[in-house]
Protein chains: 2
Amino acid sequence: MEPHEPDLTDVPVTTVLAALADDVRLQIVRALVENGEAACGSFDFGVSKATRSHHLKVLREAGLTRTRAAGTSRLVRLRRDELDRLYPGLLDAVLSTRTSA
Amino acid sequence: MEPHEPDLTDVPVTTVLAALADDVRLQIVRALVENGEAACGSFDFGVSKATRSHHLKVLREAGLTRTRAAGTSRLVRLRRDELDRLYPGLLDAVLSTRTSA
DNA sequence: GGCGTTGTTCGAGAGTTGTCGAACAAGGGT
DNA sequence: ACCCTTGTTCGACAACTCTCGAACAACGCC
């Protein structure tokens, strides 16, 4: 099946914001910023793999990530360039949050 | 009752993002940016006044707006200075969205 | 081929959210 | 005092979301 990775300009801003408005997904995004491309399995934040897969789908369909197959794994990376071009400052603002709060 | 307007630093970033991740609330924020302080009743975006009151409550409890009584009306204003200080670029990025998409 | 690893998909359940009408509260004007 | 305007609050209902285990698919390896 097609990964269904929409052009970011086709995604309503509310969808982008909603995708970022979740703790697990925010941890995924943070990990992607720090480590770059990573396999789905590396995002073990206390949720099952079904839930993890769901969150990655939400991020992907919001236009925030790209996924490519690599053997039995799937590598995910942040579409940071496009994100920064369309919403300059958004990602930095979101990521500026300290661990708590 | 107390307006319950938390300090923005006490609000999780996911709550702030969730507050902005709604079309009606985004229209309210846009109107506040353009017109400054405004009465609740001025935000007629095709929803009932009960719904409007609900959305204003979400924005207020996310630390995004302040409300003060003025006669029978209540005037709402955006806490833009605090928002820009804590999340620089966030509001501009969100508001940069054109009408569609 | 068979097995293990890695992810996705499919219900299903609990919880949250957006919406409304109706009832209520507070103020101002006449 | 009465009424009208302005908002809030209270159920209620539909829709969506997060979560999980179980079943399935795809790939590499022995």
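- Look at B/Arg66 and B/Glu5 and you find a salt bridge, because one of the NZ, NE, NH1 or NH2 atoms lies within 4.0 Å of a carboxylate O, short of that distance.
- If you check C/dT6, D/dC20, C/dC20 against the side chain of A/Val47, the one that comes closest is D/dC20.
- Look at B/Thr51 and you'll find a side-chain N or O under 4.0 angstrom from OP1 or OP2 of C/dC20.
- With C/dT19, D/dT8, C/dG7 as the candidates, the nucleotide lying closest to the side chain of B/Arg60 is D/dT8.
- A/Ser53 comes within 4.0 angstrom of a base, heavy atoms only.
- One can place CG of B/Asp44 at 13 Å from P of C/dT19, the figure rounded to the nearest angstrom.
- One finds a side-chain N or O of B/Arg25 lying less than 4.0 angstrom from the OP1 or OP2 phosphate oxygen of C/dG18.
- Nearest heavy atoms, A/Gly63 versus A/Val11: N-CG2, 4.4 Å.
- Taking only side-chain nitrogens and oxygens, A/Thr72 never comes nearer than 4.0 Å to OP1 or OP2 of D/dC27.
- Rounded to an integer number of Å, the gap from CG of A/Asp23 to P of C/dT16 is 14 Å.
- Taking atom NZ on B/Lys57 and atom C1' on C/dT16, their separation rounds to 14 Å, with Å as the unit.
- Between B/Leu78 atom CG and B/Ile28 atom CD1 the span is 11.0 Å, to the nearest 0.5 Å.
- Counting to the nearest Å, the P atom of C/dA26 and the NZ atom of B/Lys49 are 15 Å from each other.
- Atom P of nucleotide C/dG18 and atom CG of B/Leu59 are separated by 10 Å, given to the nearest angstrom.
- Rounded to an integer number of Å, the gap from A/Leu56 CG to C/dT6 P is 15 Å.
- When the P atom of C/dA25 is taken as reference, atom CZ of B/Arg74 falls 14 Å away, rounded to whole Å.
- Annotation: of the two residues near DNA chain D, B/Leu75 and A/Ser48, the 5′-most nearest-nucleotide partner is B/Leu75.
- Protein atom CG of B/Asp22 is 8 Å distant from nucleotide atom C1' of C/dG18, rounded to whole Å.
- For A/Ala39, the side-chain atoms get nearest to C/dG7 when compared with the rest of C/dG7, C/dG18, D/dC18.
- Closest contact between the side chain of A/Ala50 and the listed nucleotides C/dT19, D/dA22, C/dA23 involves D/dA22.
- Residue A/His54 places none of its side-chain N or O atoms closer than 4.0 Å to OP1 or OP2 of D/dC20.
- Taking only side-chain nitrogens and oxygens, B/Arg52 never comes nearer than 4.0 Å to OP1 or OP2 of D/dT8.
- Nearest heavy atom pair, residue A/Pro6 against residue A/Glu61, reads CG-O, 3.4 Å.
- Under 4.0 Å is where a charged nitrogen must lie from a carboxylate oxygen, and between A/Glu82 and A/Arg79 at least one such pair does.
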